[in-house]
Chemist: 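Structure incoming, see below.
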2 protein chains.
Amino acid sequence: MSKMRSECPISCSLEVFGDKWSLLIIRDLIFYQKSTYGDFLKSDEKIATNILASRLLALEENGIIEKREHPDSKAKVLYRLTNKGIDLLPIIFEIHLWAEKYFPIPEDLQEMVNDAKKNKEVALNTMMEGLRKQLEEEVV
Amino acid sequence: MSKMRSECPISCSLEVFGDKWSLLIIRDLIFYQKSTYGDFLKSDEKIATNILASRLLALEENGIIEKREHPDSKAKVLYRLTNKGIDLLPIIFEIHLWAEKYFPIPEDLQEMVNDAKKNKEVALNTMMEGLRKQLEEEVV
DNA sequence: ATTTGCACTTGCAATTTGCAAGCAAAATTA
DNA sequence: TAATTTTGCTTGCAAATTGCAAGTGCAAAT
């Protein structure tokens, strides 16, 4: 957050998640139930270990994700989206809808995208509620 | 478009507009009626000339923008969003709404964002129709 | 007690970005 | 008509970022 390029909301937002990796990490958190450093490393796009570390730190500093104790082991770190991070879902939803129009969509996502197309608001709200519930439950 | 990192719609989309500059150029086309190389250079974020040239080329290759003859002069080049580019507006809208929640929004954009919050679908459709109309008219 | 798993860090090479200057064609001015 | 300015780039080089491979330190399993 050192230097802002401008006051523009698009520009400010891009400084938070406008790189090649951040939205992919957020995607993994939302759609693939990934939550650890090792999980993110396994994604198809093959992020480098140092880049992953720097992105996770930046996302944490920007309040998009937070670190938690992992229930299974002290050696693991559990990463979770904050409410601020969960609020990015509408953007990710719209990116999916745009991509659906201009790229072939993998089978395993087709159903989700179809739902989103049929009834955007409902699909979105359902998904966001799910994520927030997950966040609350674990605090307990 | 040389090498794809994965089949993921988010990843594919990011390869089109997921850098620090592309969405700002698209923003300028949508919200500030900018349409020439010189216009884009004047933006607050101060993009370098070579980077601007490379981004314009990439956006054109990806079918997001197109070059046109400028009505005023042969020395000028008119850049316009294609329909594919106009379809990015919902994403940009959602980014604005997210930003509105987490950043201070400049006065000159406040009204637009308020409209968007009050009646998202209507505001979005109005704006997209306007952009498409502009695109059609000029072809004549 | 030793090996394995996990979350990183470090060093260095390769790629990308950013800055400053230059350049050709078109338009304007003298 | 000639000189100057505008416009849209390109080029060369330095600085920053990214990517790869090889560690490192602590926790957990064997």
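Heavy atoms only: backbone and side chains are in, while hydrogens, waters and symmetry mates are out. Just so we're on the same page: letters track the sequence lines, and every chain starts at 1.
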Chemist: Going by the ring-ring contact (aromatic ring centres under 6.0 Å, His included) test, which pairs reach into residues 23-73 of chain B, not counting sequence neighbours?
Modeler: B:Phe31-B:His96
Chemist: Please report the distance, rounded to the nearest Å, between CG in B:Asn50 and P in C:dG22.
Modeler: 16 Å
Chemist: Using atom CD of B:Glu69 as one end and atom P of D:dG8 as the other, report the distance to the nearest whole Å.
Modeler: 14 Å
Chemist: If I take atom CD1 in residue A:Ile51 and atom P in nucleotide C:dT16, what distance separates them, rounded to the nearest angstrom?
Modeler: 13 Å
Chemist: Report the nucleotide, chosen from D:dT18, D:dT10, C:dC8, that has the shortest atom-to-atom distance to any side-chain atom of A:Arg55.
Modeler: D:dT18
Chemist: Applying salt bridge (charged side-chain N to carboxylate O under 4.0 Å, His left out), which residue pairs with at least one partner in residues 118-128 of chain A are found, sequence neighbours left out?
Modeler: A:Glu94-A:Lys120
Chemist: Expressed as a whole number of angstroms, how long is the span from B:Leu78:CG to D:dC9:P?
Modeler: 12 Å
Chemist: Is the CD atom of A:Glu69 crowded by more than 12 outside heavy atoms at less than 6.0 Å?
Modeler: no
Chemist: Any side-chain N or O of A:Trp21 below 4.0 angstrom from OP1/OP2 of D:dG19?
Modeler: yes
Chemist: Among residues at least two apart in sequence or on other chains, which ones pass side-chain contact (heavy atoms from CB on, under 4.5 Å) with A:Val77?
Modeler: A:Lys67, A:Tyr79
Chemist: Between B:Asp87 and A:Lys101, is there a salt bridge with N-O shorter than 4.0 Å?
Modeler: yes
Chemist: Mind checking A:Tyr79 for me? I need base, sugar-phosphate or nothing, with any heavy atom below 4.0 Å counting as a touch.
Modeler: sugar-phosphate
Chemist: Closer than 4.0 angstrom, basic N to acidic O: yes or no for A:Asp28 and A:Lys42?
Modeler: no
Chemist: Tell me the interatomic distance from A:Asp19, atom CG, to D:dG19, atom C1', rounded to whole angstroms.
Modeler: 14 Å
Chemist: Rounding to an integer number of Å, can you tell me how far B:His70 NE2 sits from D:dC9 C1'?
Modeler: 16 Å
Chemist: Atom CD1 in B:Ile30, atom CD in B:Gln134: separation rounded to 0.5 Å?
Modeler: 10.5 Å
Chemist: If you look at every strand shown and take non-hydrogen atoms under 4.0 Å, does A:Lys46 touch a base, only sugar-phosphate, or nothing?
Modeler: nothing
Chemist: Kindly give the atom pairs (protein nitrogen or oxygen, nucleotide nitrogen or oxygen) under 3.5 Å for nucleotides 22-29 of chain D.
Modeler:
{"from": "D:dA28", "atom 1": "OP1", "to": "A:Lys74", "atom 2": "N", "distance (Å)": "2.9"}

Chemist: If you check the B:Val77 side chain, which of D:dC9, D:dC20, C:dC19 turns out closest?
Modeler: D:dC9
Chemist: Looking only at the side chain of B:Ala53 (C-beta and beyond, no hydrogens), which of the listed nucleotides D:dC9, D:dT11, D:dT18 gets closest?
Modeler: D:dC9
Chemist: Rounded to the nearest 0.5 Å, what separates atom OG in B:Ser54 from atom CD1 in B:Ile51?
Modeler: 5.0 Å
Chemist: Using the ring centroid of each side chain, check whether B:Trp98 and A:Phe17 are separated by less than 6.0 Å.
Modeler: yes
Chemist: How long is the line joining CG of B:Leu57 and P of D:dG8, in whole Å?
Modeler: 16 Å
Chemist: How sharply is the helix from C:dA1-D:dT30 to C:dA30-D:dT1 bent, taking the axes over five pairs at either end and rounding to 10 degrees?
Modeler: 10°
Chemist: Among residues 24-38 of chain B, which residues get a heavy atom nearer than 4.0 Å to DNA chain D?
Modeler: B:Thr36, B:Tyr37, B:Gly38
Chemist: About how many Å separate CG of B:Asn114 and CD of B:Glu100, when rounded to the nearest 0.5 Å?
Modeler: 6.5 Å
Chemist: Are A:Arg5 and B:Trp21 in a cation-pi setup, meaning NZ or CZ lies under 6.0 angstrom from the ring centre and within 45 degrees of the ring axis?
Modeler: yes
Chemist: Between atom CG in B:Leu56 and atom P in D:dT7, what is the gap in whole Å?
Modeler: 16 Å
Chemist: Ignoring backbone atoms, establish whether A:Lys67 has a side-chain N or O less than 4.0 Å from OP1 or OP2 of C:dC8.
Modeler: yes
Chemist: Looking at B:Lys74, I'd like to know if its NZ atom is crowded, meaning that more than 12 non-hydrogen atoms belonging to other residues, nucleotides or ligands lie closer than 6.0 Å.
Modeler: no
